[in-house]
Amino acid sequence: MEAPLNASLIFLLGGIPELGHDQRVLAFPLCLLYIIALFGNCTILAIIKKEQSLHQPMYLLLAMLAFTDFGVSLTTLPTVLGIFCFNYNQIPFDTCFTQMYFLHALAAMESGVLVAMAIDRLIAIWNPLRYASILTRSVIGKIGLGILLRSIFVVLPVPLLTKRFPFCKSHVLSHSYCLHQDIIRLACADIKVNSIYGLVAVLMTKGVDSMFIIVSYMMILKAVLNITANEARLKAFNTCVCHLCAVFLFYIPLIGLSVVHRFGKKASHLIPILMADIYLLVPPVINPVIYSVKTKLIRQKIVKVFRFSMTKRSPGIGVSAVTM
């Protein structure tokens, strides 16, 4: 009886309550953020795919990060722009659960990719002579497959457990997209199993991953401090800066959001909304910018592509001018 009832259910997504009924004041900056995120990550993916010189472990892992960031942006885009561009805040039950699954699965994938990138930097600094023989394309492919399968199967029980609940309370969600913590608070049933499994899933993915990253960087720091030449030490540390920025951008809002959802019952309703927006909207925008600026090869290839497109276009302009 519950499933057919839920199938016709409509959830109401939340924007920024302080903006009232007209949320369109944020339409332009949000559209700009999505354009940067989608274009930036697509550019990195296209350049890494096209340039054979970038088919190395570090850049293949960067392509995985760009892919997950692109996926996150694409998953949140319809509902976020629906609210802030068109004041449309309705989402059907099944669509909401599909979005929830992909958001949590992609977040688990991004966490796994960040671990793989930390291990990549650790091997590059600790054992540079064997780096290419340890992290072959085959190994990177298996790592990517492992990250994908873990994300799919760890997150899969979340929507399956949640769909069995009746939702007889308010159908108004706090965020502009569907998150597990936000949905289960509306259920008219005992949500203990969901809460426990949600915590277990977080610990199995982000918890374990964060520990691996901390240990990796402790070992990296030890190796860098043992380098006697200042220039070599600075170069070794510089290779980790982009990854550290990506780690902080991902984990700090994530930890803050988890803490606020579980323990911040008396906190302002704006805090979890802003935390979730930073967690899901900011990394896909900032990561491609950081890697484009800080990674010399990526930066050079981007400049090369744009120069080539400009020189290709300029003869056509000249011919048109003469013809006219």
Side-chain angles (χ1 to χ4, degrees), residues 6-42 68-107 110 155 158-159 162-163 165 167-187 198 249-250 252-254 256-258 260-261 264-265 267-288:
N6 282 341
S8 61
L9 186 66
I10 299 289
F11 285 114
L12 300 176
L13 296 164
I16 306 293
E18 279 69 16
L19 296 178
H21 294 294
D22 193 354
Q23 302 279 322
R24 285 175 293 187
V25 68
L26 292 177
F28 177 74
L30 283 170
C31 286
L32 190 61
L33 284 177
Y34 276 109
I35 290 167
I36 295 168
L38 296 173
F39 178 75
N41 287 298
C42 276
T68 55
D69 281 339
F70 180 82
V72 169
S73 295
L74 214 56
T75 305
T76 58
L77 184 147
T79 51
V80 172
L81 294 191
I83 291 171
F84 291 102
C85 292
F86 306 105
N87 279 329
Y88 185 80
N89 68 339
Q90 297 184 10
I91 183 167
F93 180 83
D94 288 331
T95 307
C96 185
F97 275 73
T98 303
Q99 185 186 54
M100 178 187 75
Y101 175 74
F102 277 104
L103 280 180
H104 289 292
L106 286 164
E110 181 148 353
V155 179
V158 172
T162 311
K163 282 189 87 168
F165 292 139
F167 293 90
C168 54
K169 297 180 184 177
S170 166
H171 298 154
V172 180
L173 297 170
S174 305
H175 302 288
S176 310
Y177 27 76
C178 298
L179 295 176
H180 177 241
Q181 308 97 309
D182 202 17
I183 293 172
I184 59 170
R185 69 180 179 84
L186 303 180
L249 275 171
F250 180 79
I252 291 174
L254 169 65
L257 182 63
S258 299
V260 168
H261 266 297
K265 304 297 181 185
S268 168
H269 63 276
L270 265 179
I271 293 175
I273 294 171
L274 293 175
M275 285 282 188
D277 289 345
I278 292 168
Y279 165 53
L280 290 171
L281 303 181
V282 174
V285 175
I286 301 297
N287 284 341

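- For the residue pair Ile278 and Pro253, the shortest heavy atom distance occurs at CG2-CG, 3.5 Å.
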Requested in this report: Report the C-alpha separation of Ile10 and His171 in whole Å, then their side-chain angles, then the decisive distance to 0.1 Å, and conclude whether the side-chain contact (heavy atoms from CB on, under 4.5 Å) test is met.
Outcome: CA-CA 7 Å; Ile10 299 289; His171 298 154; over 6 Å; no
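- Checked by atom type and distance alone, the side chain of Asn41 pairs as donor or acceptor with a backbone atom of Ala37 at under 3.5 Å.
- Of the possible polar contacts, one joining the Thr79 side chain to the Ser176 backbone as a donor-acceptor pair under 3.5 Å is found.
- Minimum interatomic distance between Phe70 and Cys42 (heavy atoms only, all atoms of both residues): CE1-SG, 3.3 Å.
- Atom CG of residue Asp69 and atom CG of residue Leu38 lie 10.5 Å apart, to the nearest 0.5 angstrom.
- Closest non-hydrogen pair, Leu179 versus Ala276, comes out as CD1-CB, 4.2 Å.
- Minimum interatomic distance between Ile36 and Val285 (heavy atoms only, all atoms of both residues): CG2-CG1, 3.8 Å.
- Among all heavy-atom pairs drawn from Lys163 and Phe93, the shortest one is CE-CE2, 3.6 Å.
- The main-chain N or O of Leu173 is never found under 3.5 Å from a side-chain atom of Asp182 such that the two would form a donor-acceptor pair.
- Side-chain N or O atoms of His180 include none that pairs as donor or acceptor with a backbone N or O of Gly198 at under 3.5 Å.
- With rounding to the nearest 0.5 Å, the separation of CD in Glu110 from CG in Leu280 is 9.5 Å.
- Side chain of Thr162 to backbone of Val158: a donor-acceptor contact under 3.5 angstrom is found.
- Between the side chain of Gln99 and the backbone N or O of Cys178, at least one donor-acceptor pair lies under 3.5 Å.
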Query - Worked verdict on His175 versus Leu13 for side-chain contact (heavy atoms from CB on, under 4.5 Å) - result: CA-CA 6 Å; His175 302 288; Leu13 296 164; over 6 Å; no
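- Of the possible polar contacts, none joining the Tyr34 side chain to the Leu74 backbone as a donor-acceptor pair under 3.5 Å is found.
- The SG atom of Cys85 lies 11.0 Å from the CZ atom of Phe28; values are rounded to the nearest 0.5 Å.
- Residues Phe97 and Tyr101 keep their aromatic ring centres 6.0 Å or farther apart.
- The distance from atom CZ of Phe11 to atom CZ of Phe167, rounded to the nearest 0.5 Å, is 4.5 Å.
- Between atom CD of residue Gln181 and atom NE2 of residue His104 there is a gap of 5.0 Å, rounded to the nearest 0.5 Å.
- Phe84 places a side-chain heavy atom less than 4.5 Å from the side chain of Ile16.
- In terms of heavy atoms, Phe250 sits closest to Ala107 at CZ-O, 3.3 Å.
- In this structure, the separation between CG on Asp277 and CG on Leu30 is 8.0 Å, given to the nearest 0.5 Å.
- Residues satisfying the disulfide (SG to SG under 2.5 Å) test with Cys31, not counting sequence neighbours, are none.
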